[in-house]
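Since the structure comes first, as structure tokens, the remarks are kept for the end.
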Amino acid sequence: MNDVIIIGGSFAGLAAALQLGRARRKVTVLDTGLQRNRFATRSHGVLGHDDKPPSAILAEARQQLARYPAIKMVNACADSISGTIDNFSVLTGDGETLSARRVILSYGVVDQMPTVQGFAESWGTSVIPCPYCDGFEVADQHWGLVWSGPQSMNQVRLFHDWTDRLTVFADGHDISPDVRADLARRRVLVADGRITGIARHGDHNATIKLDIGPDVAVDILFALPRNKPSAGLHETLGLTTVATPLSLPNRRASSPSRVTPSRRR
Ligand SMILES: Cc1cc2nc3c(=O)[nH]c(=O)nc-3n(C[C@H](O)[C@H](O)[C@H](O)COP(=O)(O)OP(=O)(O)OC[C@H]3O[C@@H](n4cnc5c(N)ncnc54)[C@H](O)[C@@H]3O)c2cc1C
């Protein structure tokens, strides 16, 4: 029996495996190789690994873990889980049943791509979620932000650290006159209408197509699509997740065609 089965062997899961391996625990890591940031060409802000491809960081981590004999890495999906503390069983997609005293669920979240044409193809390059991850590389350039409700004002304030050239895409959201006045005071442009398509050019640049207006070119577009856990094993165990402004409602697979969700009340 394993001491621990880790389901999801990316950044979180391998960090857990490292400490457990050092504590000489018997660990099996199950992973399907679909880490959330696999669409990005470089990863930033991870100490000692800045500006490396995410896959290279993980490859190096796996290499380092190889020196711990009690850690076993398995390329397999955890399909189901049963049991309780001190006696968990995990069934893998290969039909193998593994047992463990403890289980770590580190399968992360999956971003739900909206149906907007070109969005999925641009995700991680021309369309990105986080200024800390990729903002430095496009500082002082023309940024776009897909508005997702009043909380987007926080991003507007934050983005001033990187650029003074910002266009907000309303994407069908009502932006109140007060907020528009605040944006105007900050010299932030507002492009009304819904986004109907995104055409990516080169590494970052994109043309944003709108249903009611002319196309708008930006050097990078920030958007926060909804996400959901990558697997449902926690539900089998009776665990619930905490809703965030970006999480998809439970058990709903489809997403709105809007690029980002409206604020949930
Ligand atoms: C476009 C983009 C760019 C980003 N850039 C950065 C950056 O520059 N710097 C930064 O710090 N963060 C960045 N992030 C955030 C980063 O991706 C996450 O913080 C990180 O991936 C979270 O790691 P994790 O281990 O929790 O989950 P993940 O990396 O998503 O890993 C989950 C793992 O679980 C596996 N899995 C899922 N279900 C199962 C199952 N049933 N059985 C077995 N395995 C399973 C998956 O295949 C995957 O390997 C970025 C995110 C995105 C979307």
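First listed ligand is number 1; within each ligand, the first listed atom is number 1. Throughout, residue positions are numbered sequentially from 1 according to the sequence presented.
Summarising the contacts of atom 27 (O) of ligand 1 with C77, G33, G108, P54, the nearest heavy atom is found in G108. For atom 10 (C) of ligand 1, the candidate residues are K52, H49, H44, R36; the nearest heavy-atom contact is made by H44. Looking at F11, W123, Y107, F39, it is Y107 that brings a heavy atom closest to atom 32 (C) of ligand 1. With atom 14 (N) of ligand 1 as the reference point, the heavy atom nearest to it among A16, G9, A15, C133 is part of C133.
Of the protein's non-hydrogen atoms, the one nearest atom 31 (O) of ligand 1 is S10 CB, 2.9 Å. Ranking the protein heavy atoms by distance from atom 48 (C) of ligand 1 puts D31 OD1, 3.5 Å first. The single protein non-hydrogen atom nearest to atom 17 (O) of ligand 1 is N37 CB, 3.0 Å, given as residue, atom name and distance. Scanning the protein for heavy atoms near atom 41 (N) of ligand 1, the closest one is A78 O, 3.2 Å.
Heavy-atom contacts of D111 reach the following atoms of ligand 1: 53 (C) (cutoff under 4.0 Å). Heavy-atom proximity to S230, at under 4.0 Å, picks out these atoms of ligand 1: 37 (C).
Residues in residues 59-104 take part in no ring-ring contact (aromatic ring centres under 6.0 Å, His included) pair, two or more places apart or across chains. The list of ring-ring contact (aromatic ring centres under 6.0 Å, His included) pairs with a residue in residues 210-242, not counting sequence neighbours, reads Y107-H234, W143-F222, F159-F222.
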